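Numbering of ligands and ligand atoms starts at 1, following listing order. Nothing fancy with the numbering, it's 1 onward along the sequence. For clarity, every value in this text was computed on a predicted model and none was experimentally measured.
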Amino acid sequence: MTVTIVGSQLGDEGKGGVVDLYGDAADVVARYQGGDNAGHTVVHDGEKYKLSLVPSGAVRGKVGVLGNGCVVNPETLFDEIDTLRERGLEPDVRVAERAHVILPYHRALDGIEEEEKEDLAAGTTKRGIGPTYEDKAGRRGVRIGDLLDPEVLRERLEYVVPQKKALAEDVFGKETGEEFDIDHLYETYREYGERLAEEEMTVDCGTFLQERIDDGDNVMLEGAQGTSLDIDHGVYPYVTSSNPTAGGATVGTGLGPTVVGDGEVIGIVKAYLSRVGTGPLPTELGGVEGQTPDYDADAGAGGDEEALATTIRDEGGEYGTVTGRPRRVGWLDMPMLRHAARANGFTGLAINHIDVLAGLDEVKVGHSYEFDGDEVYTMPPTTEQWGRCEATFRTFDGWPEVDWADVAAEGYDAIPENARTYLEYISDELDAPIYAVGVGPGREETVIAENPYESQ
Ligand code: GDP
Ligand code: IMO
Ligand code: MG
């Protein structure tokens with residue numbers, strides 16, 4: 001069977017940790033979208049692993065697959081594999097031949113376009129994600145399979161590189177270097193192709209996964225980013241360029257929707273909100289210069305909200321895994337979560353970071369929005385409309401700081417009562433049962449209510 005892990009908010013909900021936790025029972029962990037914009041943290045035997053591209057399961061000896069829906073930077077891929085090897089692991093990573101390759105000109109153009117966009121910039125990770133997906137949709141991309149065939153690679157590069165160079169130079173007025181040079185790119189990427197072939201890393205993803213499922217293996221499908229960063233269902237244009245939502249798990253792997261739908265789809269929820277990047281955020285506390293729209297540093301500094309935001313940011317370690325940027329933080333946004341529950345069809349929830357909120361007198365939740373005089377319970381379709389929404393808050397009594405490792409060992413009923421009230425409110429509103437509760441970053445700091453591989 002399959003278990004699909006989906007971020008329900010704006011990324012960094014703790015997906016990596018949940019994949020690691022439930023991945024024990026999985027034989028194969030496949031990522032279905034995104035690239036090295038993701039940053040997943042896995043803590044294993046007291047060691048912290050930060051992975052951008054390699055599926056989180058690779059830390060635990062699972063076969064890790066990068067699905068056809070991913071965009072792959074081979075440099076990052078081999079760096080991560082080499083680093084894991086240096087740390088004594090033997091990651092077994094396969095890459096879909098249909099996955100698209102991030103080339104150096106994609107990264108360069110990501111940076112150039114972000115600068116150009118000003119207020120429309122999403123604050124990307126500058127990993128070349130958007131430009132690579134653009135070329136995929138424009139049918140001028142280079143795929144992993146093309147790296148294995150030098151003639152095809154050369155032909156693809158000869159078509160596309162002059163266009164990219166002209167875009168950078170003539171449209172954006174930038175000087176270009178070897179990242180736009182066909183010969184240099186050809187040599188470098190042909191070598192990556194050779195290494196992929198030597199290490200027998202490439203697969204026909206859908207066939208590979210289906211055969212494993214037919215053999216009785218458990219497959220986990222790992223999403224990156226989150227529902228509100230989805231190119232279709234997120235806060236466009238402040239989104240990523242792929243589909244983190246559960247539908248992406250089928251097109252991004254080549255498994256049929258009935259196969260994915262036969263399994264479980266688990267929504268990963270952070271008990272509050274964090275966001276690295278720009279765009280509106282109705283439940284935001286305080287703000288972060290350079291990311292919060294119209295942020296006024298003087299007006300915000302020193303206020304109660306700003307102090308609370310700083311506490312949550314520091315307690316939760318809310319600094320980007322990939323870019324190190326401070327993340328914007330806010331109260332939980334229920335309309336955002338209702339939207340996610342519908343778009344993904346969650347069969348269960350993992351709610352993380354309740355330890356971060358411990359010790360606060362009260363915990364608020366944006367229960368609904370006031371939108372142009374109406375009370376609404378889910379996100380409106382345009383981001384401009386979302387920006388006009390004002391959160392209507394519900395207040396919950398806070399819960400104390402406790403020994404969370406003990407709580408995790410004892411189980412769900414050991415969670416402080418007020419925190420359980422909060423968790424059950426979320427579960428009721430989303431009409432999905434709680435499978436796990438994160439009470440700390442460590443693997444043993446999770447309360448497991450249900451193991452999806454055992455519940456079938
Ligand atoms: P991902 O992108 O969704 O995989 O999440 P990240 O790894 O980028 O960010 C989540 C961060 O929170 C990591 O540093 C995790 O170790 C940490 N984390 C995950 N779950 C919990 C939790 O329940 N409590 C606390 N305090 N930290 C957590
Ligand atoms: P994980 O998998 C949080 C954000 C960027 C930016 C927008 C577009 O760790 O949850 P991109 O580089 O994808 O074109 O940037 O999306 N973003 C993330 N935010 N977690 C992530 O991944 C993210 N990946 C991209 O900050 O606003
Ligand atoms: Mg992350």
Side-chain angles (χ1 to χ4, degrees), residues 5-21 31 33-44 48-53 55-56 70-71 73 102 106-107 109-111 113-114 117 120-134 222-231 234-242 244 267-279 281 290-291 312 314-323 325 327-328 350-358 404 407-408 419 436-447:
I5 300 293
V6 182
S8 63
Q9 294 148 318
L10 290 151
D12 303 325
E13 300 93 344
K15 298 175 291 294
V18 176
V19 170
D20 183 45
L21 182 76
R31 268 191 61 181
Q33 45 72 235
D36 54 348
N37 50 346
H40 297 175
T41 316
V42 180
V43 183
H44 175 43
K48 202 172 190 173
Y49 296 91
K50 292 194 171 189
L51 300 169
S52 285
L53 190 57
S56 308
C70 294
V71 286
N73 184 331
I102 301 180
H106 292 126
R107 287 179 78 126
L109 286 166
D110 196 353
E113 290 189 41
E114 277 284 286
K117 275 183 161 177
L120 290 176
T124 74
T125 57
K126 303 209 174 121
R127 296 296 192 268
I129 307 296
T132 308
Y133 280 114
E134 270 177 54
E222 176 182 355
Q225 290 85 48
T227 302
S228 282
L229 291 175
D230 184 286
I231 183 114
V235 292
Y236 193 89
Y238 308 107
V239 292
T240 192
S241 298
S242 64
I268 315 305
V269 178
K270 184 174 269 188
Y272 50 93
L273 214 57
S274 72
R275 161 67 152 148
V276 51
T278 52
L281 208 56
Q291 296 185 54
I312 295 175
D314 290 345
E315 285 291 318
E318 296 297 351
Y319 295 87
T321 313
V322 176
T323 57
R325 289 179 287 182
R327 295 178 186 146
R328 299 161 69 190
I351 306 177
N352 288 322
H353 296 85
I354 62 159
D355 55 304
V356 173
L357 299 178
W404 294 105
V407 169
V437 181
V439 296
R443 182 176 151 83
E444 45 307 314
E445 290 165 313
T446 310
V447 176

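Scanning the protein heavy atoms around atom 15 (O) of ligand 2, the nearest turns out to be T124 CA, 3.3 Å. Scanning the protein for heavy atoms near atom 27 (O) of ligand 2, the closest one is A122 O, 2.7 Å. With respect to atom 25 (C) of ligand 2, the closest heavy atom belonging to the protein is Q225 CG, 3.8 Å. Looking from atom 17 (N) of ligand 2 to the surrounding protein, the closest heavy atom is L229 CD1, 3.8 Å. With hydrogens left out, the protein atom closest to atom 5 (C) of ligand 2 is G123 O, 3.5 Å, a heavy atom. Counting only heavy atoms of the protein, atom 13 (O) of ligand 2 lies nearest to T240 OG1, 2.6 Å. Annotation: atom 7 (C) of ligand 2 to nearest protein heavy atom, V239 O, 3.8 Å. In terms of protein heavy-atom proximity, atom 26 (O) of ligand 2 is nearest to V276 O, 2.8 Å.
Residues R275 and L229 meet the side-chain proximity criterion, which asks for heavy atoms closer than 4.5 Å. Using a 4.5 Å heavy-atom threshold, the side chains of W404 and I354 count as touching. With contacts defined as side-chain heavy-atom distances shorter than 4.5 Å, the pair R328/L281 qualifies. For the pair R107 and R127, the minimum side-chain heavy-atom distance is below 4.5 Å.
With a heavy-atom cut-off of 4.0 Å, R127 does not touch ligand 2 at all.
Taking Y238 as the reference, nothing meets the ring pair (Phe, Tyr, Trp, His ring centres under 6.0 Å) condition, with sequence neighbours excluded. With sequence neighbours excluded, the residues that form a ring pair (Phe, Tyr, Trp, His ring centres under 6.0 Å) with H353 are Y272.
Near L10, with a cut-off below 4.0 Å to any heavy atom, the atoms of ligand 2 are 3 (C), 19 (N).
A donor-acceptor pair under 3.5 Å links the side-chain atoms of T227 to the main chain of G7, judged by distance alone. In this structure, the side chain of D36 does not engage the main chain of S52 through any donor-acceptor pair within 3.5 Å. A donor-acceptor distance shorter than 3.5 angstrom exists from the side chain of Q291 to the backbone of G277, with no hydrogens or angles considered. Under a 3.5 Å cut-off, the side chain of N352 and the backbone N or O of E13 do form a donor-acceptor pair.
Across R31, E222, K15, a single residue satisfies side chain to side chain donor-acceptor pair (under 3.5 Å) together with S56, and that is E222.
The minimum heavy-atom distance linking L53 with N73 is given by the pair CD2-O, 3.7 Å. Pairing each heavy atom of V43 with each of D20, the nearest pair is O-OD2, 3.9 Å.
Around the Mg ion (ligand 3), protein atoms of type N, O or S found under 2.8 Å number 2.
Here's the thing with D110: none of its N/O atoms is less than 3.5 angstrom from an N/O atom of ligand 2. For E13, no nitrogen or oxygen atom sits less than 3.5 Å from a nitrogen or oxygen atom of ligand 2, counting backbone and side chain alike.
In summary, the side chains of S274 and D12 do not present any donor paired with an acceptor at a separation below 3.5 Å, with no hydrogens or angles considered.
The contact shell of ligand 1, taken as protein residues with any non-hydrogen atom closer than 4.0 angstrom, comprises D12, E13, G14, K15, G16, G39, H40, T41, T321, R327, N352, H353, D355, V356, G438, V439, G440, P441.
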